[in-house]
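Following: one structure in structure tokens, then a few remarks.
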Amino acid sequence: MDGSEKSTAESPAQDQEGMVESSMIETPHSDGVPVVPGEQILVAVLKDVTYLCHFFGAIAGKMIVTNYKLYFYNESDKDRDVTIEVPLCTITRVEKVGGANTASRAAEGKNPYGLKVFCKDLRVLSFVMRQENRQRRTLYEKLQEQCFPLSNKLQFFAFSFKEDFGDDGAGWSVYNSKAEYQRQGLPAEGWRLTKANFKYELCDTYPQLLAVPSPATDDDLKQVAQFRSRGRIPVLSWIHPESQASITRCAQPLCGISSKRSRDDERYVHLILEANPHAHKLLIFDARPQANAVANVARGGGYEKSEAYTTSELIFCDIHNIHVMRESLRKLQDTCLTAHPIDDKHWLSNLEQSQWLLHIKTILAAATKITHHVETAKASVLVHCSDGWDRTAQLTSLSMIMLDSYYRTLEGFEVLIEKEWLSFGHKFAQRLGHGDKNHSDSERSPVFLQFMDAVWQIMQQFPAAFEFNEFFLILILDHLYSCMFGTFLCNCDRERKKEELKKRTRSLWSLVHSHKEDYLNALYASAYSNHIILPAAAIRHLEFWTTYYGRWNPLMKMQEPVQQRHKQLLGIRDVLKKKVEELQAQLAEKQQKDRNSTLKAKPAES
Amino acid sequence: MEFSEHILTPKIEETRLEGPDISPVFGTTCLTGHHLIFYSHNKENKEYWILHRNVDSVEKRYSLDKNVLVLKCKDFKHYFLSIVKQEEANNVCNSIEILSNQTKSSYQYPFFFRPKFSIPEDGYDLFSVEKEFQSVSSKSDQWRLSNINITFDVCTSYPSQIIVPASITDQEIRKSAKFRHGGRFPVISYLHQNGRAIMRCGQPLTGNNNKRCKEDERLVNCVLGSNHRGYILDTRTLQSAQQARAKGGGFESEYNYPQWRKVHNSLQKCAVQQESFVRIVEACLDQSSSSEKWQSKLESSSWLSHVRDVLAAACLAAQCIDREGASLLVHGSDGMDSTLQVTSLAQVILDPDCRTIRGFLSLIDKEWIQAGHPFMDRCFHSVFSNQRIRSEGPSFTIFLDCVFQLLMQFPCSFEFSVQLLCELQNHAYASQFGTFLFNNEMERRNHKLRTKTISLWSYLLSEEALPTLINPVYQSKEGVIWPSVAPQSMHFWDALFLPKLDTSTTIRAFVNETLSEIGQLQNELLDLKQEVGNLEKLAADADGVNDVEE
């Protein structure tokens, strides 16, 4: 506001910057290419490679391929420093363009000879290279081999990555299911913890430790598992610390065409209701559109009919399946990468046609509805979709973020992902297609990305409610595909155990904690803790996440490093806090001294 | 008071009020000359005051059992007032319609408003042409302060004192003024660090015969110096500039102004922008099921494309100055709307001072209020009025929206937050302050605005308001900011158009809390700084005492 404020604000900031620089980790370089421990160069420098940028045209440079990434850099361009880094596992498809027979056309620049690289993070990169020494063939073959370790029976880079984050692998112990249940106050009246799934025999996609209604015995659980798709029985995700209202999750009941019923399941569902003294009705949120739920009956699935579940009310949330979502993202990608965005007068209606934000809205709307019922009506809620590992995870985790401020802290958010997504068997490997060359696999879907987008939307509406910033979300999304860390490998807890990921790979959270200050929100107000937040879920309140989807488009890129400013502000605060403490101590000491000296002086006077 | 003749029913019992920030409540409605006051009969006995001037239109929704008046306000809020007797409802409706359309200047509310907050400094003193002249003459000695317009006879829409080139006589200026639309002869708007200037004016009155004016040419050329070239940015397309000749207007021919290169832009007229303004608010208010078509509705309102066009024109202007090192003359037809949008925005882009709170308010003073943007005409009605658009237009709103876009793209470069922009928008349309009253300096002088009303700036800079307007991540920084003008970079200004429409009170409560949290963090920082200061002082004192003792 005034001069004095500015000058004090700047000096600690400079100190801060100095500190940051000296603490930066030195990365070993190889031919000017930064490599991480465990990374090896596979294809040595290719010269005279040209990157065809959508926006700036052709950029000449060099390319190198390691066992982790494809790396392109230009050397002599004074105007621009262009480096492109693509972790190999982020690549979903590599295509050769411009064959030898079209060499004459290639010379005209119409059909350039090179490679097109499609990435899971929405990038499509075109490289042009010389037609000599079988350069392209070597490169293409190496990429085909290294980008798809699963298809080629090779190891993921995560197993070669040897970075030491100096935390003794503490990233892996961020989530401890028992500790998290304890944090929620479990076991509590009405809820017990069970090891019925210790050997993954009850349900192979669930974690070992589960929270279930106390009166239900482990044998009951086995009976219920028979009637739920893939044995995914209703288990506790979250419990309200005061009202005991609960959020539970499961898969669809196996009713089938014959409208089968299961007394055990009905009784079990009723027990969930009974565990909550305030409620007389259990709300079952079926994440699917009603039509899809009905269609599932023919495939042996179904939904809870009111005749059978008399103490429940079924609500459909209209969230579409993984195929619709995949298609929506494809359209969004097309919209983002329009070649001439300046002329793109129809940006908004194109965005609308992708329906991406509409889907986000539907998900957020359902999650706010759940939150509202749990908080205001003290109702218990059971959430499921078909298998209970995609839409269900979106809804439970989003409602938990709204209800429990712990999940809005950096550590809490990590716990939330570990718990609701990883441990409860969201099939990361399959949904993302880790290392699989079958790029058109219909099992792939951006379910987790949608969740992250929804979190970002909530952050936009409550900028002071989250301890972390959007770059934390982006970092997670980048390493979702990179396969540098073991965190998002495999499909469920059981597989992860079998692969001994904790022993053989690094956790993404170790990286996060070693650079924590980069991911903190300076506007975070702890006064938000113990508050629920209810975002507005109308499309007009939603925004397009430019910082993520638009970051490859220089026209959409963030103009100012607000992240740096946040870091700086937090630095200033910490420096000041420390200063205040020091001075207070100093002052106290001085006052003590004065008191002593006057005490000494007094008798002398008398 | 004279208002009483328009108030047929001053007090009505058993009325019911509902609004975006009021859940339905019963109470008594009272009408005064300037306000509708609603005394609620609930536990808190809360009062709600609605300024008549803020009501854009009143709609009657009568049914058998209740008579509802919908008060559509200029800040886009809608209030629903239910009255039992139809006759009384009619009376209230008539009174509000008359009182909200009051044109007689001395009846305006700012002349009656007495502030409850303390005023540490008079906002009317924030900007003065003398101060501006000092700043200009510190950069260049080629300018002088002229009293040529002291009686407002040269140009009715210019202020009395004007900074003009030192080498041009008042006589020459008079001739140039006759050659320009509305007497708006070329004046300096901004002097950049590199010595290049932005000037603005009305269109030259060349007419079909290609008239010329030597004095005008000399006046325009003298900002260039000898060897420089400049750009003339005409905010109209070449075609509409040519058409303007038939009505006596026109544009500078390259033949008569050989040192200048002309650039045409295509900024829309007020009426077109007003239509788009109506459409975007309509889209925001539409809570129907088709709200899923939100983005295409937003697109078809064309609002963001108007904003983008203005921003692009301002970038072009800034580029001429900063990149090309050329001076610039900006005009459209009358030089009071698109011209001011371009010149003021270019300064926000070029000059970091304009991105501070005081700098920004001074800029609005200089480039909008003093420059004679006819606020009274443009903002008399907002988007709900059924009366035909005459001179209404959202020029100022579009300017604010452009600043909002810059703020979105450069979140650390502005000392103020979006809140300030929202405040300015709402006060431009209805206010208890005198700042945006009347069309020009002459009218304000005649009505003794400075002494009889309070400046909005006094309020905004008061201890009460200022903390809510500050951007917590601001970092003062030198240099030009170059925004992206791609359609993808344009944000919808939700804080202005939306939250007040939202009926969910929880959300709003939390939004407010967010703002206060931001303030708190800042206070924490300030407190800490102060604490350190105090302690340091104490420590120094203690040291001093010790030294003496020793």
Side-chain angles (χ1 to χ4, degrees), chain A residues 1 5-6 8-9 336 341-342 344-349 351-352 357-358 361 461-465 522-523 525 527-528 531 533-536 538-541 543-544 546 550 553 555-562 565-566 568-569 572-573 576-577 579-580 583-584 586-587 590-591 593-594 597, chain B residues 283-284 287 291-296 298-300 304-305 357 409-413 415 466 470 472-473 475-476 481-492 494 498-499 502 504 506-507 510-511 513-514 517-518 520-521 524-526 528-529 531-532 535-536 538-539 542-543 545-546 549:
Chain A
M1 257 179 300
E5 205 242 7
K6 265 179 225 158
T8 43
C336 289
I342 279 283
D344 183 12
K345 292 235 153 101
H346 298 292
W347 156 247
L348 283 171
S349 42
L351 185 62
E352 180 175 281
L357 285 175
L358 181 66
K361 184 213 93 172
Q461 295 187 27
F462 300 94
L523 302 181
Y528 263 99
H531 266 296
I533 54 176
L534 267 184
I539 286 206
R540 62 193 69 197
H541 287 284
E543 281 174 63
F544 173 71
T546 320
N553 181 337
L555 294 165
M556 292 193 224
K557 228 171 73 181
M558 174 90 93
Q559 306 257 354
E560 230 171 16
V562 68
R565 180 64 182 148
H566 277 218
Q568 213 175 50
L569 277 175
I572 293 171
R573 194 189 60 185
L576 284 170
K577 266 188 184 159
K579 237 180 176 175
V580 169
L583 285 168
Q584 271 167 343
Q586 220 177 345
L587 201 68
K590 284 233 162 83
Q591 281 165 344
K593 236 195 222 163
D594 287 352
S597 58
Chain B
C284 293
Q287 302 282 5
S291 65
E292 279 169 7
K293 292 266 170 227
W294 162 246
Q295 281 126 345
S296 47
L298 186 62
E299 184 174 281
S300 62
L304 283 174
S305 72
I357 291 185
Q409 292 189 31
F410 299 92
C412 307
S413 292
E415 192 192 9
L466 195 60
I470 289 198
V473 292
Q475 190 171 30
S476 95
I481 50 173
W482 294 112
S484 153
V485 292
Q488 288 89 341
S489 309
M490 296 292 121
H491 289 260
F492 164 65
D494 52 352
L498 281 187
D502 212 307
S504 161
T506 15
I507 293 160
F510 275 103
V511 168
E513 190 173 322
T514 305
E517 295 306 346
I518 290 170
Q520 264 176 26
L521 182 81
E524 193 185 335
L525 276 173
L526 283 175
L528 282 166
K529 277 172 201 163
E531 214 172 323
V532 172
L535 283 168
E536 260 168 1
L538 276 174
D543 277 346
V545 173
N546 286 347
E549 275 178 3

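Chain naming here is simple, since letters A, B, ... match the order of the sequence lines and numbering starts at 1 in each.
A:Arg540 places a side-chain N or O within 3.5 Å of a backbone atom of B:Cys284 that can act as its donor or acceptor partner.
Of all non-hydrogen atoms in B:Glu299 and A:Leu348, the two that sit nearest each other are OE1-N, 3.1 Å. A:Glu352 and B:Gln295 make their closest contact through OE1-N, 3.0 Å (heavy atoms, listed as atom of the first residue, atom of the second, distance).
For B:Leu304, the part lying near chain A is the side chain, with the backbone staying farther off; criterion is any non-hydrogen pair under 4.5 Å. If you measure heavy-atom distances from B:Ser300 to chain A, you find no contacts under 4.5 Å at all. For B:Phe410, the parts lying near chain A are the backbone and the side chain together; criterion is any non-hydrogen pair under 4.5 Å.
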Open item on the list: Set out, in order, the CA-CA distance, both residues' side-chain angles and the distance that settles side-chain contact (heavy atoms from CB on, under 4.5 Å) for A:Thr546 and B:Gln488, then state yes or no.
Closed with: CA-CA 8 Å; A:Thr546 320; B:Gln488 288 89 341; 5.9 Å; no

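Of the inter-residue distances, the one linking A:Trp347 atom CH2 with B:Ser489 atom OG reads 9.0 Å to the nearest 0.5 angstrom.
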